[in-house]
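Have a look at the structure below, then the notes.
Numbers for residues simply follow the sequence, beginning at 1.
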Amino acid sequence: MAKVDRRILKTQVALKKAVIDLMSEKNFDDITIQDLSDRANVSRGTIYLHYLDKFDLLDKLVEEHIDVLRETCREASELSFTESTLIWTEYFERNYSFFSMMLASKGAPYFRGRFLDLLIEELANEANVTNGKNKGLNEDLLVRFAASAFVGVVEWWFTNEKPVPHHVLAEQLGTLLERNL
């Protein structure tokens with residue numbers, strides 16, 4: 001893997017933080033490149049060296065988090081739902097500002113859709129409608145139900161500013177997934 005210049009990484013981190021901070025203050029559509037430039041303390045030209053526009057910046061930020069969650073699923077494939085959900089909720093906790101912005105009322109609907117798609121993709125491997133409690137159910141319906149419920153509960157957790165600790169959220173979601181899939 002090629003080594004990335006520390007200045008480039010520092011600039012990209014500053015821009016990602018700037019877009020999240022600005023989204024907490026105003027709608028994404030109202031954020032300008034100048035706003036990002038001022039907040040990240042970089043020139044407008046520097047922004048365009050790294051991103052096509054503010055949409056590209058947000059898209060890359062979203063994809064970065066989706067990729068981490070997807071990789072987490074792969075690494076946790078042998079774990080129980082509760083154990084793997086704990087890894088996710090720890091990640092949510094560490095990246096609270098991003099996820100709260102994306103999933104709370106001011107969030108980006110695009111992220112919610114990407115998050116839901118990821119969960120549908122990952123939970124499809126877990127659904128069993130050939131025997132047991134889910135015998136005869138439509139697999140797509142079952143998976144969409146579980147994924148939508150998961151996203152809804154996580155949204156609730158962020159919207160209500162973490163009313164339960166992340167490990168309790170993980171235990172409860174893990175138990176619910178075990179019962180339903």
(message) Counting neighbours of CD on Glu121 that are heavy atoms of other residues, nucleotides or ligands and sit closer than 6.0 Å, is the number greater than 12?
(response) yes
(message) Would you say Phe158 ends up clustered with Leu176 if hydrophobic residues are merged whenever their side chains have heavy atoms under 4.5 Å apart, either directly or through other cluster members?
(response) no
(message) For a quick test of reading the model, state the closest non-hydrogen atom pair linking Lys54 to Ile33 and the distance between them.
(response) N-CD1, 3.9 Å
(message) Are more than 12 heavy atoms, taken from residues, nucleotides or ligands other than Lys133, located less than 6.0 Å from that residue's NZ atom?
(response) yes
(message) Does His50 form a side chain to side chain contact (heavy atoms under 4.5 Å, CB included) with Lys60? I'd like the steps, not just the answer.
(response) CA-CA 10 Å; His50 300 278; Lys60 289 206 172 32; over 6 Å; no
(message) Is the distance between the ring centroids of His65 and Phe115 under 6.0 Å?
(response) no
(message) Do Ile20 and Phe55 sit in one hydrophobic cluster, given that two such residues count as connected whenever their side-chain heavy atoms are within less than 4.5 Å of each other, even indirectly?
(response) yes
(message) Looking at Glu178 and Phe81, would you say the former's side chain and the latter's main chain have a donor-acceptor pair under 3.5 Å?
(response) yes
(message) Given 3.5 Å as the limit, does a donor-acceptor pair link the side chain of Lys17 with the main chain of Ala40, or not?
(response) no
(request) List the steps, then state whether salt bridge (charged side-chain N to carboxylate O under 4.0 Å, His left out) holds for Arg144 with Asp140. (result) CA-CA 6 Å; Arg144 188 160 288 276; Asp140 291 334; over 6 Å; no
(request) To the nearest 0.5 angstrom, please state how far the OG atom of Ser37 sits from the CZ atom of Arg44. (result) 7.0 Å
(request) May I ask you to test the Lys16-Leu57 pair for a side-chain heavy-atom distance under 4.5 Å? (result) yes
(message) What's the separation between atom CE in Met101 and atom CD in Glu25, rounded to the nearest 0.5 Å?
(response) 9.0 Å
(message) Looking only at the aromatic ring of each residue, does the gap between the centers of Trp88 and Phe150 stay below 6.0 angstrom?
(response) yes
(request) Give the intermediate values and the outcome of salt bridge (charged side-chain N to carboxylate O under 4.0 Å, His left out) for residues Arg39 and Asp35. (result) CA-CA 6 Å; Arg39 185 62 59 99; Asp35 292 334; over 6 Å; no
(message) Could you tell me if Asn131 and Asn128 have a donor-acceptor pair between their side chains, going purely by distance under 3.5 Å?
(response) yes
(message) To the nearest 0.5 Å, what is the distance between CG on Asp56 and CG on Leu61?
(response) 11.0 Å
(message) Check this for me: Glu161, atom CD, are more than 12 non-hydrogen atoms of other residues, nucleotides or ligands nearer than 6.0 Å?
(response) no
(message) Tell me whether the count of non-hydrogen atoms from other residues, nucleotides or ligands lying under 6.0 Å of CG in Asn41 goes above 12.
(response) no
(message) Rounded to the nearest 0.5 Å, what separates atom OH in Tyr51 from atom CG in Leu58?
(response) 11.0 Å
(request) Please say whether more than 12 non-hydrogen atoms of neighbouring residues, nucleotides or ligands are located less than 6.0 Å from CD in Glu78. (result) no
(request) Over all heavy atoms of both residues, which pair between Val143 and Ala127 is shortest? Give the atoms and the distance, please. (result) CG2-CB, 3.6 Å
(message) Let me confirm one number: the CG-CG distance from Leu177 to Leu173, rounded to the nearest 0.5 Å.
(response) 6.5 Å
(request) Without swapping roles, check the side chain of Glu75 against the backbone of Thr72 for a donor-acceptor pair under 3.5 Å. (result) no
(request) Could you tell me whether the side chain of Phe28 reaches within less than 4.5 Å of the side chain of Leu22, counting heavy atoms only? (result) no
(message) Using a 3.5 Å distance criterion without hydrogens, assess whether the side chain of Asn138 forms a donor-acceptor pair with backbone atoms of Leu141.
(response) yes
(request) Tell me, with the steps shown, if His167 and Leu86 meet side chain to side chain contact (heavy atoms under 4.5 Å, CB included). (result) CA-CA 6 Å; His167 63 88; Leu86 180 59; 3.9 Å; yes
(message) Quick check: is Leu169 connected to Leu79 through a chain of hydrophobic side chains (ILVMFWY, heavy atoms under 4.5 Å apart)?
(response) no
(request) Report whether Ile87 and Val151 are members of the same hydrophobic cluster (ILVMFWY, side-chain heavy atoms less than 4.5 Å apart, transitive linking). (result) no
(message) Side chains of Ser24 and Asp21 only: does a donor on one sit below 3.5 Å from an acceptor on the other?
(response) no
(message) Assess whether a salt bridge exists between Asp5 and Lys10, defined as any Lys/Arg side-chain N lying under 4.0 Å from an Asp/Glu carboxylate O.
(response) no
(request) Consider only side-chain N and O atoms of Ser43 and Thr46, and report whether a donor and an acceptor are under 3.5 Å apart. (result) yes
(request) Go through the structure and list residues passing salt bridge (charged side-chain N to carboxylate O under 4.0 Å, His left out) with Arg94, not counting sequence neighbours. (result) none
(request) May I ask you to decide if Pro163's main-chain N or O and Asn160's side chain share a donor-acceptor pair within less than 3.5 Å? (result) no
(request) Can you see which heavy atom on Ala147 is nearest to which on Leu119, and at what distance? (result) CB-CB, 3.8 Å
(message) Taking the six-membered ring of Tyr96 as reference, does the cationic atom of Lys162 (NZ for Lys, CZ for Arg) lie under 6.0 Å from its centre and within 45° of its axis?
(response) yes
(message) Does either side chain, that of Asp59 or that of Tyr110, offer a donor lying less than 3.5 Å from an acceptor on the other one?
(response) yes
(request) Indicate yes or no for a side-chain donor-acceptor contact from Lys26 to the backbone of Ile31 under 3.5 Å, with no hydrogens or angles considered. (result) no
(message) Keeping Thr89 on the side-chain end and His166 on the backbone end, is there a donor-acceptor pair under 3.5 Å?
(response) yes
(request) Enter the distance from Leu142:CG to Asn134:CG here, rounded to the nearest 0.5 Å. (result) 4.5 Å
(request) Please answer whether the main-chain N or O of Phe145 pairs with a side-chain N or O of Ser148 as donor and acceptor at a distance below 3.5 Å. (result) no
(request) Check the hydrophobic clustering (I, L, V, M, F, W, Y; side-chain heavy atoms under 4.5 Å; chains of links allowed) and say if Val42 and Met23 are grouped together. (result) yes
